[in-house]
Amino acid sequence: MSFISAPSHTAGATPYFRKSFPVAAGLSQAWLRITALGVYVPFVNGHRVGEEVLAPGWTSYKHRLIASDFNITLLLKPAQTNTLGAIVGEGWAAGDLTWLGLTSLYTDRPALHVELVLRYDNGEEETISTDTTFQTTYGAFRYSSIYHGEHYDARLEPRGWSTPDFDDREWKSAEVFPWSEATIEDPIAQSIRRMEEIDAVALSESPTGTVIVDFGQVVSGWGRLSVSGLRGDEITLRYAEHLAPDGTLDVESNRTAQATDRYVIAGTERETWEPSFTFHGFRYIEVTGWPGTMQLGDLRAVVVHTDMDRTGWFECSDPLINRWHENALWSMRGNFVGIPTDCPQRDERMGWTGDLNAFTPVATFLYDVKDVLRSWLRDLKLEQDSLGTVPWVVPNVLPDPPTPTALWSDCAISLPWALYQEYGDIGILHDCYNSMAKFMDEVISGLDGDGLWTSGFQFGDWLDPDAPTDNPMLGKTDPYLVSSAFLCKISREMTDTAQVLSKRADTTKWRVVADRARSSFRTRHLNEEKLLRRESATGYALAIEFGIFEEEEIGPAANRLATILHETGYTIPTGFAGTPHLLQALTTGGQIDAAYRLATQTHIPSFLYSVTMGATTIWERWDSVLPDGSLNSTGMTSLNHYALGGAVNWLHRHVAGLKSISPGWERIQIAPKPGGALDYARASHTTTRGNVTCAWRIEDGEMTVTVNVPNGSTAIVTLPGHPHELREEVDPGTHEWKYKYTAVSI
Ligand code: BGC
């Protein structure tokens, strides 16, 4: 048993493999276990096996390569010859990766590994596995690449190639490919699937005469075409997130990713096709070469992402806020294509730790991410073990050796802690503890004399809107204030983790670090009035949310933060580090009006500017699209980056008021905070115990609050604007309060 490959390989080549074999009578069960270095599509006797796409997804292949198991008993014909086949594209393993133009980072060619176990009624067992008896050739897939797209020439499809009758005399014997079978593992995460198909909303002709199909939504996936034409007609699909103001396709946010699929018509009948070895981040597809006149239904968008269960919903009476929330949801979908990525369209699409760390609280609310992120954390740990530090991207493909950075590499601590909080599963902490502790020790070894994190490279408040366009880490907030604030957070998370795991010595060890960091942060960064010496919105947001201020200092600090925002016209002042915490810090500190004002601004840059510009996902920059509709040409203008979407956590936690205050939502704080012009909001979340919901509505001066508490949980409900400031502890079930509402204005 071994991996096999084609005898030779050229860039983008996508080999077919097949083998015919007899199946005896009396077959009771047949199990196919398959994986590949690359991306594979399996077939048995002419039938596609399973519904996974882009399998096996991207993991740290040198450590672990995920195999899928399929019960194919019903696809096999006992007492006959049967055929197993697979097509394997370069995928992440052999294709281009990173903006640095790196290629073949794991292997120089696609390689397949198959094990088919046949079990018979008489107890006998037979195994068919990849070896040199497999035959290989090239066919209709002329080229495939994750970044660049796929070229399919339907004329070259070897019809019936995965059936026994096919004549494969022209095919060559596969070669053994050296790759350790010890890397093969069972999946932890769900697979990537085609989640839905979207109809086009408009067809238009661009000034250059091409047809532009608009799907009305930025998604990850691909187009599915249905066409009749002459044999040899070639259709080209170019994907982009944006249209330039003159109506031409703007591919700039793809950077060097070609994001182009080509289909050559076989000319036999109406042909339906979609790619198999690539994916794109797009809203628009530019079509050239379409035979005849294209109709709306000829091209649909296939939405592709990891098959997670949806667990979170939010809506309110402001359509712009609803769209903002929807945009975060779509950015999550678009960036959970296997691993959690920064963006899905350009020559990057990598597992950037900081982006996920900023977005984690929203991700855990919206979808069940337990398995997909446990899987990713396993890669993080394996990469960390071999590098000695936590990489900035997981799987790691960056050539520069990473150094410990706040918000990015400390995801190694904050993510397991967040997953434990959400799911209440102590096993996550057990699994990750060594990785967490190792990272914490590394950070500790570089702390300054006062126990603060003030050395080494830091991303700081990445993409602060005031940072120079070409240097996003030079924001207003001192990067070492940011890292020291994150140190306070992660050292406390370590203390709590060690305590949960009953590691007494470690609890004390981490507590000493945490206490010292907090007290040194206060000495260094707070003045006599207990306000920041060097003020910035991010500085205040982090210090409030990370427990650096004393209880009685939070109000004045939030007041100061609100004043700064007021003085700058509620213009958004924060990047990746501060944004997820800004609205929450204001609300925690009682500045509810300021939070609503900030959240509802539409000028540039602000939370809702992108929404008023027609955004359907969260942008990488506050001004990724300029007011004239052109793309901000900075080389970093993805229109689908979830990091800044971390702020919608405020909608769940404060506007609708749902907050877990003990692991697994055993104890819940329900404290909705009406404000602004909202008269209605509702959030609902499927916890491991069941549904938790809070909905409030103000009508004719009367407030109705409806709450659902899951089984096994208790909730402390604080009723907003209640004449007696009612606070009640309630049991599982549905509860409703109606009372005369007295608006609380601060
Ligand atoms: C990515 C980011 C990432 C950053 C860090 C960018 O290219 O798209 O989202 O966190 O690099 O440097």
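Just so it is clear, the structure is predicted and the values come from calculations on it, not from any experiment. Atoms within a ligand are numbered from 1 in the order they appear, just like the ligands themselves.
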If only atom types and distance count, is the side chain of Thr248 paired as donor or acceptor with the main-chain N or O of Ala244 below 3.5 Å?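 Not at all, since once roles are kept as given, no pair shorter than 3.5 Å links the two residues.
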
Give the contacting part of [X] toward ligand 1: side chain, backbone, both or neither, where contact means a heavy-atom distance below 4.0 Å.
X	value
Phe459	side chain
Trp462	side chain
Arg346	side chain

Cation-pi between Arg333 and Trp330: NZ/CZ under 6.0 Å from ring centre and within 45° of the ring axis?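 Judged by the rule, Arg333 and Trp330 form a cation-pi pair.
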
Distance under 6.0 Å and angle within 45° of ring axis: Arg349 vs Phe279: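 Pair Arg349/Phe279 counts as cation-pi.
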
Around atom 6 (C) of ligand 1, find the nearest protein heavy atom and jot down its residue, atom name and distance.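 Its nearest protein heavy-atom neighbour is Glu348 OE2, 3.4 Å.
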
What's the shortest distance from atom 9 (O) of ligand 1 to any protein heavy atom, and which residue and atom give it?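 In this structure, atom 9 (O) of ligand 1 has Asp355 OD2, 2.5 Å as its nearest protein heavy atom.
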
Closest heavy-atom contact between Thr311 and Phe365?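 It is OG1-O, 2.9 Å.
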
Contact check, Phe576 vs ligand 1, heavy-atom distance below 4.0 Å: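 Phe576 counts as a contact of ligand 1 under the 4.0 Å cut-off.
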
Atoms of ligand 1 less than 4.0 Å from [X] heavy atoms?
X	answer
His641	1 (C), 2 (C), 8 (O), 9 (O)
Trp408	5 (C), 10 (O)
Glu620	8 (O)
Asp342	1 (C), 8 (O), 9 (O)

Using distance alone, with no hydrogens and no angle criterion, decide if Glu422 and His685 have a side-chain donor and acceptor under 3.5 Å apart.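 Per modelled atom types, Glu422 and His685 side chains form a pair under 3.5 Å.
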
For residues Glu535 and Tyr540, is any side-chain donor paired with an opposing acceptor at under 3.5 Å?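 Indeed, the side chains of Glu535 and Tyr540 share at least one donor-acceptor pair under 3.5 Å.
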
Could you point out which residue of Trp408, Phe459, Trp462 forms a ring pair (Phe, Tyr, Trp, His ring centres under 6.0 Å) with Trp392?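 When Trp408, Phe459, Trp462 are each tested with Trp392, the ring pair (Phe, Tyr, Trp, His ring centres under 6.0 Å) holds only for Phe459.
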
